[in-house]
Amino acid sequence: MAREYRMKSARSKPGSSQGISGIDYEAELNAQQYAVVRSKPGPALVIAGAGSGKTRTLTHRVAWLLDQGEDPGKILLLTFTNKAAREMIERVEQLIPSDVSALWSGTFHSIGNRILRRHAEDLGYTRSFSILDRDDQKAMMKQVIKELPLDTGGAASKRFPKVDVLISIFSLSENTCESIDDVVEYQFPQVARWIEEIKSVHRSYQARKKQNNSMDFDDLLVQTLKLLQQHDDLRSLYQRKFRHVLVDEYQDTNRVQCDLIDLLVGDRQCLMVVGDDAQSIYSWRGADMDNILSFHKKYPDAEVFKIETNYRSVPEVLELSNAAIRPNRVQYEKELRAVRDGGAMVPALVPLDDPSFQAEFVAERIEELIGEGLEPSDIAVLYRAHYQSMEIQMELTRRKVPFQITSGLRFFEQAHIKDVSALIRLVVNPRDEVSFKRVALMLPGVGDKTADNLWRAWSACELGQGISVPESFSPIMLTFRVPAKAKDSWQQLCYTLDELVVDGGFARPSDMLFSILEGVYDDYMRASFDNYEHRKQDIEQLMEYGEGFDDVLEFLAQLSLMSSVDGDPQKNQRKEDDESVMLSSIHQAKGLEWKVVFLVWLADGMFPNGRVLETGDEQMFEEERRLFYVAVTRAKDQLYLTYPMTNPKSYTGEYMMRPSRFLDAIPDEMTEEWKVSSW
DNA sequence: GAATGTACAGTTTTT
DNA sequence: CTGTACATTC
């Protein structure tokens with residue numbers, strides 16, 4: 001007698017199509033995708049056209065590796081946004097039964113953060129370093145400028161670049177590894193006369209960050225790179241750890257990110273990068289398309305794959321997309337093929353009299369489509385710049401068409417959220433000057449001056465050094481001199497801080513938030529904001545979110561790193577979002593798709609942008625065209641290209657608008673012109 | 001701190 | 001032209 005018993009968990013033989021997961025890769029993927037997924041280890045470049053199943057391919061590749069018996073802990077998956085990271089890991093989990101929690105996946109910044117927390121001491125930081133967001137950066141920069149012996153008061157100081165400009169300069173310099181001199185000379189010539197002062201601000205800013213045990217977003221990349229460059233042992237540790245590195249949206253990586261990848265990959269070269277050069281639209285923040293274009297120079301043995309079958313759009317839309325990008329000189333040649341059937345609506349080209357008429361047309365057509373049974377969430381209106389959505393917002397509001405818009409303050413960046421997290425940050429990292437001052441300024445009668453004095457007192461005493469977690473704060477802090485007006489709330493504050501530490505450690509995040517709300521912040525909110533109720537709900541929301549964390553460091557890092565739309569804990573609960581028309585900038589529409597897309601303001605000077613046309617910079621112009629390409633490739637079924645023929649409100653005095661020159665590249669027969677009249 | 005005046009921009013924005 | 005951001009002033 002014999003019995004055949006087959007272990008479900010048995011390791012698959014290498015090379016076989018099926019592994020433990022039982023996924024039939026060959027059946028689930030098309031030939032091009034399958035070739036990528038089962039490719040041998042080694043450098044690989046995947047050129048993935050719009051709508052070609054890029055995420056699908058990448059997630060299957062990860063599943064494949066795991067199926068081959070690879071240890072999840074040896075895989076690093078880098079994405080551009082948190083949302084993409086989350087989506088990716090969820091889909092891998094759905095594909096494969098194995099536990100993937102050991103797999104490292106996330107944005108470059110979050111991975112940098114993760115590495116830096118472990119080795120912060122090697123760089124002269126502590127592991128509880130603070131992360132500065134844009135707001136914090138601004139605050140610190142202002143402080144730094146105030147303290148520098150720059151020419152103040154006179155007419156000369158009037159035109160000293162604003163902090164926003166300085167932050168942009170520094171950030172671009174960090175991300176592209178170019179000197180401040182070069183960045184200013186080529187990208188910000190209007191402030192070139194201040195070059196020495198700018199460099200001096202930069203030096204002080206860098207020093208101050210270190211002194212305050214704080215890193216900005218750029219540091220999360222740059223310092224990680226530095227750490228691994230300088231410490232051979234750590235470098236080889238991580239090189240050995242990550243046997244497979246996969247990178248999504250490679251066309252949008254900048255120099256630092258690219259260097260970081262190369263360094264992590266080391267000689268083993270088990271690197272798979274996926275991207276679409278035609279969708280590179282972030283050069284203005286340091287992305288270098290050359291990374292993807294000359295990948296083969298750095299990795300001569302790289303296998304190059306193209307996945308060009310488009311599952312998203314009807315052929316009518318896809319042909320137009322192909323035509324739209326064709327005139328660009330700098331690109332990998334590819335031709336997307338549609339699998340969907342033809343016979344759909346030919347993309348509409350709609351000239352309108354003026355912007356408000358354009359808005360009326362868009363709104364009316366949207367109403368019609370919804371009347372025909374389309375869900376509002378199947379429809380999007382895309383534009384080059386947010387201000388171009390104004391008329392449409394008004395028109396949709398007037399007609400009571402539900403819409404949502406991808407702009408405005410993000411949840412974690414709102415003042416009240418930042419206020420409460422400043423208190424936590426201060427306890428965790430007592431050298432965090434920005435947070436200290438934010439907290440101090442909440443006290444009545446305390447302005448810049450008093451805040452500064454308090455900071456001095458604080459940083460002079462043991463509490464402010466942050467050597468160890470103190471048992472309590474009040475005994476020392478109550479001895480500080482505060483204005484009479486602030487006396488009571490200062491006391492409250494001190495006792496509240498006491499509650500944030502327990503037994504020589506930090507309280508749990510949600511408990512901290514509770515103490516802060518009860519101790520000081522509720523009163524403050526009542527006094528300072530007219531929409532108290534609303535803000536209180538936000539804090540409660542935050543407390544709920546905090547329940548998911550035991551480690552306060554992790555909680556804080558998450559707050560900073562997810563300070564974006566996708567981290568909004570409210571988001572998932574707002575059901576209306578699923579039932580509304582999307583208004584979005586093209587940048588934010590990347591990676592998304594809708595049945596119906598309206599692309600508005602397609603007039604020369606609006607899109608392509610007038611400034612880009614003025615400079616005559618070919619590279620920038622081609623990026624505009626890629627943006628156009630990204631926009632049109634979002635549409636699944638219907639595409640409307642609209643433009644106003646006049647712009648009465650133009651401040652440049654240009655009254656007549658000409659159709660966007662991008663439309664010149666589209667053969668007439670690919671669109672149908674709609675002649676819209678109001679009567 | 002509120003009120004008033006002045007200069008200047010007027011793309012995109014994640015982490 | 002107009003809203004914003006900053007500085008100055010009381």
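Letters A, B, ... are given to chains in the order of the sequence lines, protein chains preceding strands, and every chain is numbered from 1.
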Whole-Å distance between [N] [atom2] and [X] [atom1]?
{"X": "A:D164", "N": "C:dC6", "atom1": "CG", "atom2": "C1'", "result": "12 Å"}
{"X": "A:Y383", "N": "B:dG10", "atom1": "OH", "atom2": "P", "result": "18 Å"}
{"X": "A:Q187", "N": "B:dT12", "atom1": "CD", "atom2": "C1'", "result": "14 Å"}
{"X": "A:W284", "N": "B:dT14", "atom1": "CH2", "atom2": "P", "result": "8 Å"}
{"X": "A:L116", "N": "B:dT15", "atom1": "CG", "atom2": "C1'", "result": "14 Å"}
{"X": "A:E614", "N": "B:dA9", "atom1": "CD", "atom2": "C1'", "result": "13 Å"}
{"X": "A:W601", "N": "B:dT12", "atom1": "CH2", "atom2": "C1'", "result": "17 Å"}
{"X": "A:L561", "N": "B:dT13", "atom1": "CG", "atom2": "P", "result": "20 Å"}

Take A:V612 and A:K485, find for each the nucleotide of DNA chain B with the closest heavy atom, and name the residue whose nucleotide sits nearer the 5' end.
A:K485
Span that lies between the [atom1] atom of [M] and that of [N], in whole angstrom:
{"N": "C:dA5", "M": "B:dT12", "atom1": "P", "result": "14 Å"}
{"N": "B:dT11", "M": "C:dC6", "atom1": "C1'", "result": "22 Å"}
{"N": "B:dT13", "M": "C:dT2", "atom1": "C1'", "result": "24 Å"}

One pair to check against salt bridge (Lys or Arg N to Asp or Glu O under 4.0 Å): A:E554 and A:R117. What are the steps and the verdict?
CA-CA 10 Å; A:E554 228 166 273; A:R117 294 280 167 199; over 6 Å; no
So for A:R285 and B:dT14, does any side-chain atom that can act as donor or acceptor lie under 3.5 Å from a complementary atom in the base?
yes
Between the side-chain atoms of A:R611 and the base atoms of B:dT11, is any donor-acceptor pair under 3.5 Å?
no
Donor-acceptor contacts under 3.5 Å from residues 221-229 of chain A side chains, at least two apart:
| from | atom 1 | to | atom 2 | distance (Å) |
| --- | --- | --- | --- | --- |
| A:T224 | OG1 | A:L220 | O | 2.4 |

Is any side-chain N or O of [X] closer than 4.0 Å to OP1 or OP2 of [N]?
{"X": "A:Y387", "N": "B:dT11", "answer": "yes"}
{"X": "A:Q588", "N": "B:dT12", "answer": "no"}
{"X": "A:N82", "N": "B:dT15", "answer": "yes"}
{"X": "A:S110", "N": "B:dT15", "answer": "no"}

With a 4.0 Å cut-off, would you call A:R425 and A:D136 a salt bridge?
yes
Between the main-chain N or O of A:D288 and the side-chain N or O of A:N254, is there a donor-acceptor pair closer than 3.5 Å?
no
Counting distance only, does the side-chain N/O of A:N212 pair as donor-acceptor with the main-chain N or O of A:S214 below 3.5 Å?
no
Look at all strands and tell whether A:F80 reaches a base, only sugar-phosphate, or nothing, counting heavy atoms closer than 4.0 Å.
sugar-phosphate
Checking contacts here: which listed nucleotide (B:dT13, B:dT11, B:dT15) is nearest the side-chain heavy atoms of A:S585?
B:dT13
From B:dT14, B:dT13, C:dC6, nucleotide with atom closest to A:H386 side chain:
B:dT13
Contacts of A:D135 that satisfy salt bridge (charged side-chain N to carboxylate O under 4.0 Å, His left out) - sequence neighbours left out:
none
